[in-house]
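One is the number of the first residue; the rest follow in order along the sequence.
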Amino acid sequence: MILKLLPISLLQCALLTGGQVLMKYGLLKAGDFSFSWGYFGRLFINWQFIGCGIFFAAGSILWMYIIKNFPFSMAYPMVSMSYVMGMFAAMIFFHEQISFERWLGVFLILSGCVLIAK
């Protein structure tokens, strides 16, 4: 069962991570945050923010498939792999420095996924 769940979960996590990256780019492009029509107008015509919504929608549809066809107790923890992908995205797209403690956290997350998958 895990051999079927793992690739689908990885794709779903990649969609979530991609959506978050696009959201950050879109928010950076929209300027300083404010609860104003102008701000949200700039945001909703921004292609990165629109792409974020598309990625999240696709990820949600895939998530519906996953929880319909796999045990929830196995499927839900697999979402945590998006945190790992997010760490790599932070390095690649935003040039963030990742501390040893964060890498240790990534290792623990992946270890937990392996234990749950067994």
Side-chain angles (χ1 to χ4, degrees):
M1 181 176 297
I2 190 63
L3 292 178
K4 290 183 180 180
L5 174 60
L6 187 60
I8 298 169
S9 292
L10 287 171
L11 176 58
Q12 197 260 345
C13 289
L15 289 167
L16 292 178
T17 304
Q20 293 292 350
V21 168
L22 287 172
M23 180 185 288
K24 181 155 177 95
Y25 277 129
L27 291 168
L28 289 172
K29 192 174 179 182
D32 291 337
F33 184 86
S34 68
F35 287 103
S36 67
W37 290 110
Y39 177 78
F40 286 100
R42 286 189 308 277
L43 198 58
F44 288 121
I45 61 168
N46 180 314
W47 74 265
Q48 289 100 339
F49 196 75
I50 294 167
C52 154
I54 293 168
F55 273 55
F56 286 158
S60 294
I61 291 168
L62 193 52
W63 179 242
M64 290 187 300
Y65 173 81
I66 290 170
I67 62 173
K68 172 77 174 156
N69 293 293
F70 296 95
F72 192 75
S73 62
M74 185 182 284
Y76 195 74
M78 293 299 162
V79 175
S80 65
M81 289 187 296
S82 64
Y83 299 129
V84 176
M85 291 181 183
M87 189 81 75
F88 284 104
M91 285 177 27
I92 294 166
F93 296 107
F94 305 112
H95 310 289
E96 295 180 13
Q97 298 296 316
I98 310 301
S99 67
F100 172 77
E101 291 82 8
R102 291 184 185 165
W103 283 119
L104 181 60
V106 164
F107 173 76
L108 292 172
I109 289 170
L110 290 174
S111 298
C113 288
V114 168
L115 291 173
I116 288 167
K118 289 188 170 207

Original post:
How does the hydrophobic cluster around I54 look, that is, which other residues are in it when side-chain heavy atoms under 4.5 Å mark a link?
Top reply: I50
Original post:
By the rule that ILVMFWY residues connect when side-chain heavy atoms come within less than 4.5 angstrom, directly or transitively, which residues belong alongside I61?
Top reply: M64
Show every donor-acceptor pair shorter than 3.5 Å between a side-chain atom in residues 26-43 and any protein atom, with sequence neighbours excluded, or say none if there are none.
{"residue": "S34", "atom": "OG", "partner": "S36", "partner atom": "OG", "Å": "2.9"}
{"residue": "S36", "atom": "OG", "partner": "Y39", "partner atom": "N", "Å": "3.2"}
{"residue": "R42", "atom": "NE", "partner": "A30", "partner atom": "O", "Å": "2.9"}
{"residue": "R42", "atom": "NH1", "partner": "G38", "partner atom": "O", "Å": "3.4"}
{"residue": "R42", "atom": "NH2", "partner": "A30", "partner atom": "O", "Å": "3.2"}

Using distance only, find each side-chain donor-acceptor pair of residues 94-112 under 3.5 Å and give its atom names and separation, not counting sequence neighbours.
{"residue": "S99", "atom": "OG", "partner": "E101", "partner atom": "OE1", "Å": "3.4"}
{"residue": "S99", "atom": "OG", "partner": "R102", "partner atom": "N", "Å": "3.4"}
{"residue": "S111", "atom": "OG", "partner": "F107", "partner atom": "O", "Å": "2.8"}

Under 3.5 Å donor-acceptor pairs involving side-chain atoms of residues 73-90, not counting sequence neighbours:
{"residue": "S80", "atom": "OG", "partner": "P77", "partner atom": "O", "Å": "2.6"}
{"residue": "S82", "atom": "OG", "partner": "V79", "partner atom": "O", "Å": "2.7"}

Subject >> CG on L22 to CZ on F93, rounded to 0.5 Å >> reply: 8.5 Å
Original post:
Can I45 be reached from W47 by stepping across I, L, V, M, F, W or Y side chains whose heavy atoms are under 4.5 Å apart?
Top reply: no
Subject >> Close side-chain approach of L16 and F55, heavy atoms under 4.5 Å >> reply: no
Original post:
Is the closest side-chain heavy-atom distance between Y65 and F70 below 4.5 Å?
Top reply: yes
**OP:** For residues 12-24, pull every pair meeting side chain to side chain donor-acceptor pair (under 3.5 Å), keeping only residues two or more places apart or in separate chains.
**Re:** none
